[in-house]
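In what follows, a single structure is set out as structure tokens and then discussed.
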Amino acid sequence: MKPYLTYLSKRLLQFAVVVFVGINIAYVVTHSTPINPVEQTISAATAYGSTSPEAIEMMRRSLSELYGLEGSPWQQYLSFWQRVLVGDFGPSLSAFPTPVSELILRALPWTVGLLLVSTLLTWFLGNLLGGLAGYYRENRVLRAFGVVTAGLHPVPYYVVAFVMLLAFGYLWPILPISGGASMAADRTDVVGFALDVVIHSILPVLSLMAAGIGGWFMGMRSLVSNIVTEDYVTYAELAGVRRGKILRHYVMRNAIGPQVTGLALQLGAIFNGAIITEQVFGYPGIGSLLISAVHAGDYSLVLGITTISILGVSTMVLLIDLLYPLIDPRVEAA
Amino acid sequence: MTLLHPAAASAAAEDDAAIPLLSVDRLKAYYRLKLFGIDREVRAVDDVTFAIGRNEIYGLAGESSSGKSTLIKTIAGAIRPPLAVETGSVCFNFSDGTRDIYRLTPRELGEIRWKRLSYIMQGSMSVLNPVRRIRHSFTDFALPHVPEKGAAFAERIGRHLERLHLERSVLDAYPHELSGGMRQRVAIALATVCGPEFIIADEPTTALDVIVQKGVLAMLRGIQRELGSSVLFVTHDMAVHANLTDRLGIMYAGRLVEEGRTRDLFRQPLHPYTRHLISSLPQIGDDTPKKGLEGSPPNLAAPLSGCRFHPRCPLAIDICRREAPPMVAVAPGRRVACHVVTASPDAVAPAMEEVRP
Amino acid sequence: MNTLKVLRDLFYYNKEFATGLLLVLIVVAVAASSFFSPYPPLDVYVVPPDLPPSWQHPFGTTSRGQDVFWQLTFAIRNTLLFGIVVAVISRVISLCVGLVSGYRGGWVDRVLMSLNDTFVVIPLFPILVLFYFIMRDQMTWGLLALIVALLGWAYDARLIRSIAMSLRTREFTRQAVFSGMGTGRIVWQEHLPFVLPIVFSTTLNNINWSIGIEVTLSVLGFTDINTPTIGGMIYWANQHTALVSGIWWWVAFPIALVVLLFIGLFLLAISMNEYIDPRSRLSRLGGQA
Amino acid sequence: MKPNLLDVDNVSKTFAGRGLFSRRMKRAVRNVSFSLDADRPEVFTIIGESGSGKSTLASMILNTARPTGGSIRFEGRDLAHIRSRRDRVAFMSRVQAIFQNPFDAFNPLKPVDRYLYTAAEVFSGCRTKEARETRVDDALHKVGLSLAEVSGRFPHEMSGGQLQRIAIARALVSSPSLIVADEPVSMIDASLRMTVINLFRMLRDDLGVSIIYITHDLATAYYISDRLIIMQTGEVVEAGDARQVLAAPRHPYSIRLREAVLSVDGAWRGTGLDAEAIQPSLR
């Protein structure tokens, strides 16, 4: 048990460092601007309509407080942390007076659902096929799959999503290309609504998978082709252990550890991809919310989403790290 | 099945005893490499013939790049490109029939593995799956090859471990939780649990400390005597050969150069290379000056003509540069590949006096 | 070892390298031809708008009255330059962090790697968006490159560190120390040749990555939209709802060209692996198998 | 009075255990002392199995690791006082090292002779190319090689024995008075091993260089050493004249070590391991 505790304390410390550095970056970015963010925000927020001078003055005051521009720098810094820790980012400016936290909570399930489904599917399929491709090197189908994913891999999420949109929105319109569910969906019909949600998620999930699967596939394939030359695999082969068993318990089992670590390291990048994909397909998650918040000049919402993203991703990474010892008994060495 | 007359049956059994368990005949195994358009051929095993009888430990000695590792890979039927067998055969005469290891289907090969032919590899840390408990390794390796299942199988493993003075609790350990010597014992237990007729052991004690090495060797010897298996034992360490093996083959640059009973070979080495290996071995209590051999082993990608030892050989004569010497039986159970020795065995005798003061 | 010979061998015997090189050369040629453009990049309505591809305008014209091909030459040049600038700056950071961390070890290594892992994990995109949100019109091309580079070095620093660490324990390093070589000489003469191929390969991947970021940000309008880039072209096309009105060439050609670049750079990067692998490198030198 | 060549005085080395909260200390070397006389060059052997601390002790003598207790003095000067690069270079020109794996001891991407030239330049201050070549050629001749054989060759073109001889020549370029050799022949083929071992004897007798020979192999230790110490888990368990200790060890561990050595006599008697009880020493 003791090695696990050591491991646990290390991971928790790293988690604290990530959150600390991440939130500080957000702080430095928001406080290092050469322009006055209050005036900037007011002019952006009031650009498309007439707002009464009193309302603007009120806005100016609440904004100054919101930006943490009141008091000494040290007080500003502390109050920034306070807001982060309590999760209170004030009211949204674009959807006044709805609190930012409520908007985020509304969008969060969509993003989490999309991320969870697409990431697990991508990781699982990519590793499975990659492992098979590494073990059965002569298989034509797997080889062809390797070429296709290698071609897709370097293309960024946005381009993949955009091409998907073109293909299924204009060339062959069989799937809904926008939104998380139909506008007119009857939410009391649970089965029908669930089906509607699933159908709407197909394109975003597919494009996330298309952009992400190549990395796992190629990573796993090269891992496996290294592992098959390891002595313990050769030895099992010499002992006449069945191939299926070797593949599962000797090859894949040893390759999965690095790939789990890889998942933890890639999570930030996957999250970036999800944000962009959501925007392309108008999916009502965190990503779309963030981008519309930027367009609407909603400072509190942008800051709220940024900090929540940092917290969320690092928490997920921590969870993966904590599960890792289940996969590798040699955790002490980690 | 034919019913045999008792006399005929015993004659067959005698016959059986005469047929060696393993016969390697004129085996050539080369590495063929192609890289950036350059073809290279490395003749790692070049025309090797020998046989191993029942219930004996046959030692194979040689330096790096002598081809001994390739030879045992070939005998174990573990050939992967770029290694390929050019010609020759490897025949096992197991109790249930004779098999040429290169004529078997993968299925048939899988059936004899571990049950009849098992393998102990160098580096016990890397031969055991790091993320699998020892118990599961035993199940993977042995369960398909023994009649016992379930509790009886567990009992068989437990008894086998006890026989080797290992505690049953090692079964629940992961490889990294055991010491180096312990892991090597477990590896030997794993290789012998099915009671194989033939065991290939590739430098199983090279990475171990001296004290542990002796224990592991004794254990290997004990289990071999108990099972009556044959062992092909490979190491570069002549002291290990001297203490463990019954017969010994010396390899140099892809060829077998001398073979005989270990005792005879140490008492009276014939081939100049063997003679050097034995005489240069430092010993506690032996104060004679020892010499190294000039030059270095030939490049197997560009083999020499004639005897491959001739550039380093103190006895080399003209014919050695032109013709490769064949392996010739100079006495019962004694073969040597050297023009000088086979021409006049007497010339060698005086040199023997130098070996032991 | 002469580099030219290595490149020649790679070209002849490595399909990935040859294809990748060809693709990248095509893209570079397009970028280079921007210097011969008959139209200044920022001028609009210099040609009739919305023309489909023809002999006169091979890639058609935009709704803003620009020739797609010539606009594309500027766009890809800026995009490529952006990628290279980011890659060079972030390479300097990751080399320094990776090598120092690997050689020094101890607490220096622990602190640097803790920081490094933080940068690996933190989601970059929201931070870039936040940054744009604050800077708005001050967000220039160069500033963006600097920010992306400052956020994009961590993954490769880890890679370089692991190589540096393994080199440090090699016996030839100790041999070099006892031959009287100083730290600088060991790093530059003994170790750099081992690190360089991987630095080269990560540079190519980093160019890809940063171009991806740039395209995404500009498509959303979160950069200086007046500098012509690939993302900027798509942004303007979206602003004019080009796809709905059937002006597909305004979008298709930029995407096709940038995908060519992605695949080309990626193929070059993976073909480097063969050169990086010390075993194949050694047998190239004619060593024993 | 002339100071000793080397004084190892009550030296210990403790490593902090890994882990954030578990501060387990690992004592790799404990209170080791010995001295080498400046006027009598000798082969001094440190015998130990893996984990005995012999390599840690070697790196402390080579000043690549600092003792956590006790002191090491070379020619009367405490190694702890070596701080500047110039001091280190001066020290290395007097105390040199030879490593275990000759195949790894030379950068595979560079010709082997550059180490020799660098040593000639840094340690012996050879400014001109000719001076360096003469110096290097001299050193190579001492190990039975010549510059013509070595110049421009890559490590993979040479055998382990040749490489180890080049490594010895490299160490000799600066005319050191002490050479520390950590398992220098364990990776070398048997037919080439004795050539390297005999070189050490030549270094001692002809060049007056003292050798600290670190090994686990008692047979070569007997063949070459004048004095030896036997180490077990960081401690010296027995020390003395090499022949006496190996012929009649007294400490229980030394006795076990001595008994574990496989002798070729086993083959003569045809007994080998059978005499041993099968009950092995479980670790």
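First the proteins, then the strands, lettered A, B, ... as listed; each starts at 1.
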[X] side-chain N/O to [Y] backbone N/O, donor-acceptor pair under 3.5 Å:
X: B/Q283; Y: D/A219; value: no
X: B/D209; Y: D/E49; value: no
X: D/Y223; Y: B/I284; value: no
X: B/K214; Y: D/E259; value: yes

Nearest 0.5 angstrom please: [X] [atom1] to [Y] [atom2], how far?
X: D/I224; Y: B/K290; atom1: CD1; atom2: NZ; value: 13.5 Å
X: D/I197; Y: B/S280; atom1: CD1; atom2: OG; value: 11.0 Å
X: B/L293; Y: D/M194; atom1: CG; atom2: CE; value: 12.5 Å
X: B/K291; Y: D/T195; atom1: NZ; atom2: OG1; value: 10.0 Å
X: D/L262; Y: B/L217; atom1: CG; atom2: CG; value: 6.0 Å

Problem - Winner by heavy-atom pair count (cut-off under 4.5 Å) against chain D, out of B/R312, B/M238, B/H236 - result: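 Of the options given, most contacts go to B/R312.
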Practice task
Answer yes if the side chains of D/Y222 and B/D287 hold a donor-acceptor pair under 3.5 Å, and no otherwise.
Solution key: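 A donor-acceptor contact under 3.5 Å links the two side chains.
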Practice task
Please indicate whether B/R168 has more than 12 foreign heavy atoms, meaning atoms of other residues, nucleotides or ligands, lying under 6.0 Å from its CZ.
Solution key: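 Check passes, neighbour count above 12.
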Practice task
Verify the neighbour count for atom CZ of D/R250: are there more than 12 heavy atoms of other residues, nucleotides or ligands below 6.0 Å?
Solution key: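 Atom CZ in D/R250 is not crowded, with 12 or fewer foreign heavy atoms closer than 6.0 Å.
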Problem - Among the listed options D/Q162, D/H216, D/R258, D/R193, the residue most often paired with chain B at heavy-atom distances under 4.5 Å - result: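 Answer, by heavy-atom pair count under 4.5 Å with chain B: D/R258.
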Exercise for the section: Identify which part of B/L277 has an atom lying under 4.5 Å from any heavy atom of chain D, answering side chain, backbone, both or neither. Expected result: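 B/L277 touches chain D through side-chain heavy atoms alone.
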Problem - D/V264 to B/A242 - nearest heavy-atom pair and separation - result: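 Looks like CA-CB, 3.9 Å.
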Exercise for the section: Using a 4.5 Å cut-off on heavy atoms from C-beta on, say whether the side chain of D/Y253 contacts that of B/I211. Expected result: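 When only atoms from C-beta onward are counted, D/Y253 and B/I211 do touch, with a gap below 4.5 Å.
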Practice task
For the residue pair D/D217 and B/V210, establish whether any side-chain heavy-atom pair is separated by less than 4.5 Å.
Solution key: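 Not touching, per the 4.5 Å side-chain cut-off.
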